[in-house]
Peer 1: 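Have a look at this one before I ask anything.
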Amino acid sequence: QVQLVESGGGWAQPGGSLTISCAASGDIFSISGMGWFRQISGKEREFVARFGWNSESTNYVDAVQGRFFVSKDNAKNTVYLRMHNLKPEDTAVYYCNADIRSTTSPTPTTYWGQGTQVTVSS
């Protein structure tokens, strides 16, 4: 089966930087896209960023434009989120999201990671 494993979460000061990653593993046939959502305490889960594998295009929610940057490593089936100029309001659980077809079950499927906590405070 396909699994998503996130890493790199933790604490940062306001104005600081942090990079989180998500590696997809298992019987992967193809990836159409990988990205990130986040859930701020007490709020709905929201889209943050996405990297489209086919188009190699990126999309960001307005709140992180110019501060967050998503990238990929095809060889490692990994997506990264570089976060700069972090703000307290960026504090959230960040979830990796991927649209993947597996070799054993080729039906397109959306996968989610377990989430990694990012805390921004002084």
Side-chain angles (χ1 to χ4, degrees):
Q1 284 293 330
V2 174
Q3 293 179 315
L4 303 180
V5 180
E6 299 138 329
S7 62
W11 172 87
Q13 297 183 84
S17 299
L18 198 66
T19 298
I20 55 177
S21 64
C22 174
S25 62
D27 300 320
I28 298 170
F29 177 74
S30 64
I31 298 171
S32 60
M34 294 183 71
W36 299 91
F37 283 67
R38 69 184 180 186
Q39 187 165 17
I40 297 170
S41 181
K43 298 183 178 181
E44 299 286 335
R45 187 176 300 188
E46 65 180 6
F47 168 79
V48 176
R50 179 179 173 84
F51 200 114
W53 250 243
N54 295 330
S55 62
E56 296 193 338
S57 62
T58 58
N59 299 95
Y60 303 91
V61 67
D62 287 346
V64 307
Q65 276 280 356
R67 299 190 297 118
F68 290 13
F69 305 91
V70 66
S71 60
K72 68 171 182 176
D73 185 332
N74 286 331
K76 297 180 179 180
N77 292 326
T78 297
V79 65
Y80 304 90
L81 185 67
R82 292 187 292 112
M83 301 177 286
H84 302 289
N85 192 25
L86 284 162
K87 303 176 180 180
E89 52 262 44
D90 294 319
T91 296
V93 176
Y94 285 72
Y95 295 91
C96 181
N97 167 267
D99 296 317
I100 295 172
R101 295 189 182 199
S102 70
T103 56
T104 57
S105 183
T107 301
T109 303
T110 298
Y111 296 89
W112 292 90
Q114 290 295 110
T116 184
Q117 177 71 44
V118 172
T119 301
V120 184
S121 68
S122 59

Peer 1: Mind checking whether Y60 and Y80 sit in one hydrophobic cluster, side chains of I, L, V, M, F, W, Y counted as touching below 4.5 Å?
Peer 2: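 No; tracing contacts between hydrophobic side chains, which count when under 4.5 Å, never links both residues.
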Peer 1: What's the shortest heavy-atom distance between S102 and V2, and which atoms?
Peer 2: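 Closest heavy-atom pair between S102 and V2: CB-CG2, 3.9 Å.
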Peer 1: Say you draw a straight line from CD1 of I100 to CG of D27; how long is it, rounded to the nearest 0.5 Å?
Peer 2: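 One gets 11.0 Å once the value is rounded to the nearest 0.5 Å.
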Peer 1: What is the distance from atom CH2 of W36 to atom OG of S21, rounded to the nearest 0.5 Å?
Peer 2: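 Between W36 CH2 and S21 OG, I get 6.0 Å after rounding to 0.5 Å.
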Peer 1: Pair Q117, T91 - check side chain to side chain contact (heavy atoms under 4.5 Å, CB included), show working.
Peer 2: CA-CA 8 Å; Q117 177 71 44; T91 296; 3.9 Å; yes
Peer 1: What's the spacing between H84 NE2 and T19 OG1 if we round to 0.5 Å?
Peer 2: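 Reported value, rounded in 0.5 Å steps: 6.0 Å.
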Peer 1: Please determine whether residues V64 and F47 belong to a single hydrophobic cluster, defined as Ile, Leu, Val, Met, Phe, Trp and Tyr linked transitively by side-chain heavy-atom distances below 4.5 Å.
Peer 2: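 V64 and F47: one cluster.
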Peer 1: Once salt bridge (Lys or Arg N to Asp or Glu O under 4.0 Å) is applied, do any residues pair with D90, and if so which ones, sequence neighbours excluded?
Peer 2: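 Listed in chain order: R38, R67.
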Peer 1: What is the minimum heavy-atom distance between W11 and L18, and which atoms define it?
Peer 2: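 Heavy atoms only, the tightest pair is O-CD1, 4.4 Å.
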Peer 1: Supply the atom-to-atom distance I20 CD1 to S7 OG, rounded to the nearest 0.5 angstrom.
Peer 2: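 Interatomic distance, I20 CD1 to S7 OG, rounded to 0.5 Å: 9.0 Å.
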Peer 1: Measure the shortest side-chain to side-chain distance between Y95 and V48 over non-hydrogen atoms and say whether it is less than 4.5 angstrom.
Peer 2: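 No, every pair of side-chain atoms sits at 4.5 Å or beyond.
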Peer 1: Can you name the nearest heavy-atom pair linking S122 to P14, along with the distance?
Peer 2: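 Result for this residue pair: N-CD, 3.8 Å.
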Peer 1: Tell me, with the steps shown, if N85 and K87 meet side chain to side chain donor-acceptor pair (under 3.5 Å).
Peer 2: CA-CA 6 Å; N85 192 25; K87 303 176 180 180; over 6 Å; no
Peer 1: Is E44 atom CD crowded by more than 12 heavy atoms from other residues, nucleotides or ligands, each under 6.0 Å away?
Peer 2: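 No, not enclosed.
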Peer 1: Can a donor-acceptor pair be found, under 3.5 Å and without considering hydrogens, that links the side chain of T78 to the backbone of K76?
Peer 2: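 A pair under 3.5 Å: yes.
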Peer 1: Hey, could you give me the CG/OG distance between N77 and S25, rounded to the nearest 0.5 Å?
Peer 2: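 So the gap between those two atoms works out to 8.5 Å.
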Peer 1: With a 4.5 Å heavy-atom cut-off, do W53 and S30 have their side chains touching?
Peer 2: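 Counting from C-beta outward, W53 and S30 never come under 4.5 Å.
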Peer 1: Measure the CD-OG distance between E56 and S71 for me, rounded to the nearest 0.5 Å.
Peer 2: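 OG of S71 is found 12.0 Å from CD of E56.
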Peer 1: When the side chains of residues 105-115 are checked against the rest of the protein, which donor-acceptor pairs come out under 3.5 Å, sequence neighbours left out?
Peer 2:
{"unit_1": "T109", "atom_1": "OG1", "unit_2": "T107", "atom_2": "O", "d": "2.9"}
{"unit_1": "T110", "atom_1": "OG1", "unit_2": "D99", "atom_2": "OD1", "d": "2.8"}

Peer 1: So, for A24 and M34, which heavy atoms are closest and what is the spacing to 0.1 Å?
Peer 2: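 Smallest interatomic distance, heavy atoms only, reads CB-CE, 4.2 Å.
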Peer 1: Is there side-chain contact between F68 and M83, with heavy atoms separated by less than 4.5 Å?
Peer 2: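 The answer is yes, as the side chains (C-beta and beyond) meet within the 4.5 Å cut-off.
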Peer 1: Scan residues 43-80 for pairs that pass disulfide bond (SG atoms under 2.5 Å apart), counting only residues two or more places apart or in two chains.
Peer 2: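 Listed once each, the pairs would be none.
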Peer 1: For Q1, does the CD atom sit with more than 12 other heavy atoms under 6.0 Å from it, leaving out its own atoms?
Peer 2: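 It does not: Q1 CD has 12 such atoms or fewer within range.
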Peer 1: Any idea which heavy atoms bring G9 and V118 closest together, and the distance?
Peer 2: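 Smallest interatomic distance, heavy atoms only, reads CA-CG2, 4.4 Å.
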Peer 1: For the residue pair F51 and V70, what are the closest heavy atoms and their distance?
Peer 2: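 In terms of heavy atoms, the two residues are closest at CD1-O, 3.8 Å.
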